[in-house]
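In what follows, a single structure is set out as structure tokens and then discussed.
Just so it is clear, the model here is predicted, and its values are computed rather than measured. Position 1 is the first residue of the sequence, and the numbers go up from there. Side chains included, hydrogens not; waters and symmetry mates left out as well; all remaining heavy atoms used.
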Amino acid sequence: MKIITNTIVKNGMPFIPYVLRAVEPFVDRMIITVSEKSTDGTAEEVARFALENSKIYMDRENVSNPGELTQIRQHQIELSTGADWIWFLDDDDFWTSDQIKGCIKAMQQAGDDIDAFSVNPYQVLDKDHEDARWINKKYFTKFFKNVDINYRGAWPRDLIYKGDELLYHKSNPRNPIVPFKFWHLAAVKGYSFRKNDLLNFNDLEGKLIKLTTKLPEEIVELLEQAYRAKKSG
């Protein structure tokens, strides 16, 4: 089974090196498209990672407006030749090895009646809290078979289809939920493609609740760095 990750990133520091390095041992190839407008060292970090590891394919994008990122995602699908499964890995998705192994086992055991898997992340608000509104409610299609995949709609409202069939867990039984989780860091990173504070997109202020699982130690200091940078910027 061959797994290829697809990632688009702009200003992904300080998390992007950790996000990529956590996943790299478990996949066959990583396609990473970096925005030409990135200004925080992300491009240099990804380029350094690509020099270290032959699995990495680094591409660049310079869309005139964020809605065009849908076409970049479709191009990544086209670059994912030979993949059995594609892992939709955002720059703010931090996975631990036990959760990755669980997802890979689910992919290995998936029959012909499964096209994709959805997961419910921890929506991290700070190093001690997550958003209670996301628990068992907000799901993402993160893994899908590489068969006739196409993205439709302008980013960030784009949706994933297999042919003409929407891969959405609520309406498609071929996209079941699996009980594995990652730490979603969108609310604590610096802003990337979106120009405002994101509240009109997803209300990232959230409803604080103590993290139901302890955040990995390697991420805690990064969260504190990101928080300080966000407050000062």
Side-chain heavy atoms nearer than 4.5 Å, only ILVMFWY residues, links allowed to pass through others: does that put [X] and [Y] together?
X: Tyr139; Y: Tyr151; result: no
X: Leu51; Y: Met58; result: no
X: Met30; Y: Val34; result: yes
X: Trp95; Y: Val9; result: yes
X: Phe26; Y: Leu89; result: yes

Backbone N/O of [Y] and side chain of [X]: donor-acceptor pair under 3.5 Å:
X: Lys10; Y: Ser38; result: no
X: Asp158; Y: Arg152; result: no
X: Thr70; Y: Gly153; result: yes
X: Glu130; Y: Thr212; result: yes
X: Asp93; Y: His184; result: no
X: Asp28; Y: Ile3; result: yes
X: Asp128; Y: Lys210; result: no

- Task: Answer with yes or no whether the side chains of Asn62 and Lys37 bring together a donor and an acceptor at under 3.5 Å.
- Result: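 A pair is found: one side chain offers a donor N or O, the other an acceptor, under 3.5 Å apart.
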
- Message: Could you work out, with side-chain hydrogen bond (donor to acceptor under 3.5 Å, both in side chains) as the rule, every residue matching Glu36, not counting sequence neighbours?
- Response: Arg60

- For Gly12 and Asp91, which heavy atoms make the closest approach, and how far apart are they? CA-OD2, 3.7 Å

- Item | Taking every non-hydrogen atom, the tightest pair across Glu24 and Lys55 |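 Taking Glu24 first and Lys55 second, the nearest heavy atoms are O-NZ, 2.9 Å.
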
Could you pull out all donor-acceptor pairs under 3.5 Å where a side-chain atom in residues 80-88 meets a protein atom, sequence neighbours excluded?
{"residue": "Ser80", "atom": "OG", "partner": "Asn6", "partner atom": "ND2", "Å": "3.1"}
{"residue": "Ser80", "atom": "OG", "partner": "Gln76", "partner atom": "O", "Å": "2.7"}
{"residue": "Thr81", "atom": "OG1", "partner": "Glu78", "partner atom": "O", "Å": "3.4"}
{"residue": "Asp84", "atom": "OD2", "partner": "Lys2", "partner atom": "N", "Å": "2.6"}

- Message: If the test is side-chain hydrogen bond (donor to acceptor under 3.5 Å, both in side chains), which one of Glu52, Glu45, Glu44 qualifies with Arg48?
- Response: Glu45

- Phe143 side, atom CZ; Cys103 side, atom SG - distance, nearest 0.5 Å: 3.5 Å

- Hey, what do you get for CZ (Arg174) to CD1 (Ile114), rounding to the nearest 0.5 Å? 7.0 Å

- Message: Please evaluate residues Lys142 and Asp90 with respect to the criterion salt bridge (Lys or Arg N to Asp or Glu O under 4.0 Å), reporting the C-alpha separation (whole Å), side-chain torsions for both, the decisive distance (0.1 Å), and the verdict.
- Response: CA-CA 9 Å; Lys142 285 293 179 178; Asp90 271 337; 3.7 Å; yes

- Task: Evaluate the ring planes of Phe140 and Trp134, with Trp represented by its six-membered ring, and classify them as parallel (under 30°), tilted (30 to 60°) or perpendicular (over 60°).
- Result: tilted

